Amino acid sequence: MPHPLLALITLLLCIAAGARAQERDLLVMEPEIEGDTSPLGQAGYAERLDRTSDFITASLAGVYAILPAARADVSLAKHRRPAKVHMCAPCAMESGREAGADRTLQVWVLSMQAVLRDVETGEVRYATAHDFRGDTEAAWRHAANRLVAGIAAIPPKDR
């Protein structure tokens, strides 16, 4: 008869393997600014966009298998901000295919908006918009938290 601790460890490893099998590969596209209502201008938002992207990517790790953007360097370079990639489904799908992703996530801000798209079919799996008050780091983080919570709540079979 196997030791109970060994049986528990085996069970946990099987559960973890099953959970990983359900994870889909996700390429998080660089967030973009839609519009410009601040004296900062688009260039002034670069650091905030990077922090927002890092936060979303880290928060979705475990929900998705996050792919490094470097796997899609060629197509991402073609579609680098401020090219309005968020409005270009074929651009996102091309970048996703290059990275080997199942899904791409396009995010744009002045209201925090995002589209989660199936790379092969172009089907929108999730879309959201979160308005927020104040052009502050805290307001952006609050909207990004709500975005991540909505994506994380998608049942695994529908991700």
Side-chain angles (χ1 to χ4, degrees), residues 11-36 42-132 137-159:
L11 175 64
L12 291 174
L13 288 173
C14 289
I15 290 170
R20 173 60 185 110
Q22 290 182 335
E23 280 184 358
R24 297 194 185 269
D25 293 327
L26 177 67
L27 175 65
V28 178
M29 310 287 289
E30 290 180 331
E32 297 178 288
I33 293 288
E34 176 62 23
D36 184 349
Q42 293 236 353
Y45 282 109
E47 287 182 17
R48 191 177 289 173
L49 287 167
D50 289 341
R51 285 191 301 275
T52 300
S53 181
D54 291 346
F55 172 78
I56 291 169
T57 300
S59 297
L60 290 175
V63 176
Y64 288 90
I66 304 296
L67 298 179
R71 290 180 63 175
D73 274 347
V74 173
S75 59
L76 288 174
K78 282 193 326 192
H79 310 299
R80 186 94 42 226
R81 68 178 132 167
K84 296 189 184 264
V85 172
H86 67 275
M87 299 177 84
C88 179
C91 301
M93 292 168 63
E94 177 185 345
S95 296
R97 275 193 219 76
E98 183 181 344
D102 299 306
R103 305 280 190 260
T104 59
L105 180 64
Q106 299 159 270
V107 178
W108 61 103
V109 178
L110 272 197
S111 64
M112 182 79 58
Q113 300 179 55
V115 174
L116 178 67
R117 187 178 306 280
D118 183 285
V119 169
E120 290 305 311
T121 66
E123 177 186 3
V124 173
R125 305 298 295 186
Y126 181 79
T128 187
H130 299 284
D131 290 332
F132 55 94
E137 192 76 30
W140 280 47
R141 181 56 58 99
H142 179 72
N145 271 322
R146 290 178 28 216
L147 183 152
V148 166
I151 292 172
I154 300 170
K157 66 178 180 48
D158 296 329
R159 291 185 183 145

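None of the values given here were measured: they were computed from a predicted structure.
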(message) Quick check for you: to the nearest 0.5 Å, what is the distance between Tyr64 atom OH and Ile151 atom CD1?
(response) 6.5 Å

(request) Would you please test Trp140 and Leu49 for side chain to side chain contact (heavy atoms under 4.5 Å, CB included) and show each step? (result) CA-CA 9 Å; Trp140 280 47; Leu49 287 167; 3.9 Å; yes

(message) Return the CG to CD1 distance between Asn145 and Ile56, rounded to the nearest 0.5 Å.
(response) 9.5 Å

(request) Any salt bridge (charged side-chain N to carboxylate O under 4.0 Å, His left out) involving residues 120-129? Give me the pairs, sequence neighbours left out, ordered by first then second residue. (result) Glu123-Arg125

(request) Quickly, which of Ile66, Val148, Leu27, Leu26 forms a side chain to side chain contact (heavy atoms under 4.5 Å, CB included) with Thr57? Name it, please. (result) Ile66

(request) Kindly give the heavy-atom pair with the smallest separation between Gly100 and Asp25, and that separation in Å. (result) O-OD2, 3.8 Å

(request) For residues Met112 and Val107, determine if any side-chain heavy atom of one lies less than 4.5 Å from a side-chain heavy atom of the other. (result) yes

(message) Give me each pair satisfying salt bridge (charged side-chain N to carboxylate O under 4.0 Å, His left out) with a member in residues 90-110, each pair once, sequence neighbours excluded.
(response) Lys78-Glu94, Arg103-Asp118

(request) Please name the pair of heavy atoms, one in Ala99 and one in Ala72, separated by the smallest distance, quoted to 0.1 Å. (result) CB-CB, 3.9 Å

(message) Would the distance check show the side chain of Thr52 and the main-chain N or O of Arg48 forming a donor-acceptor pair, the cut-off being under 3.5 Å?
(response) yes

(request) Without swapping roles, check the side chain of Arg117 against the backbone of Gly122 for a donor-acceptor pair under 3.5 Å. (result) yes

(message) Let me confirm one number: the CG-CG distance from Leu147 to Leu60, rounded to the nearest 0.5 Å.
(response) 7.5 Å

(request) Give a yes or no on whether the backbone of Ala129 and the side-chain of Arg146 come within a donor-acceptor separation of less than 3.5 Å. (result) no

(message) Measuring from atom CD of Gln106 to atom SG of Cys88, what distance do you get when rounded to the nearest 0.5 angstrom?
(response) 8.0 Å

(message) Between Trp108 and Gln113, do the side chains contain a donor N or O and an acceptor N or O under 3.5 Å apart?
(response) yes

(message) Could you check whether any side-chain N or O of Arg159 sits under 3.5 Å from a backbone N or O of Glu23, counting only pairs where one atom can act as donor and the other as acceptor?
(response) no

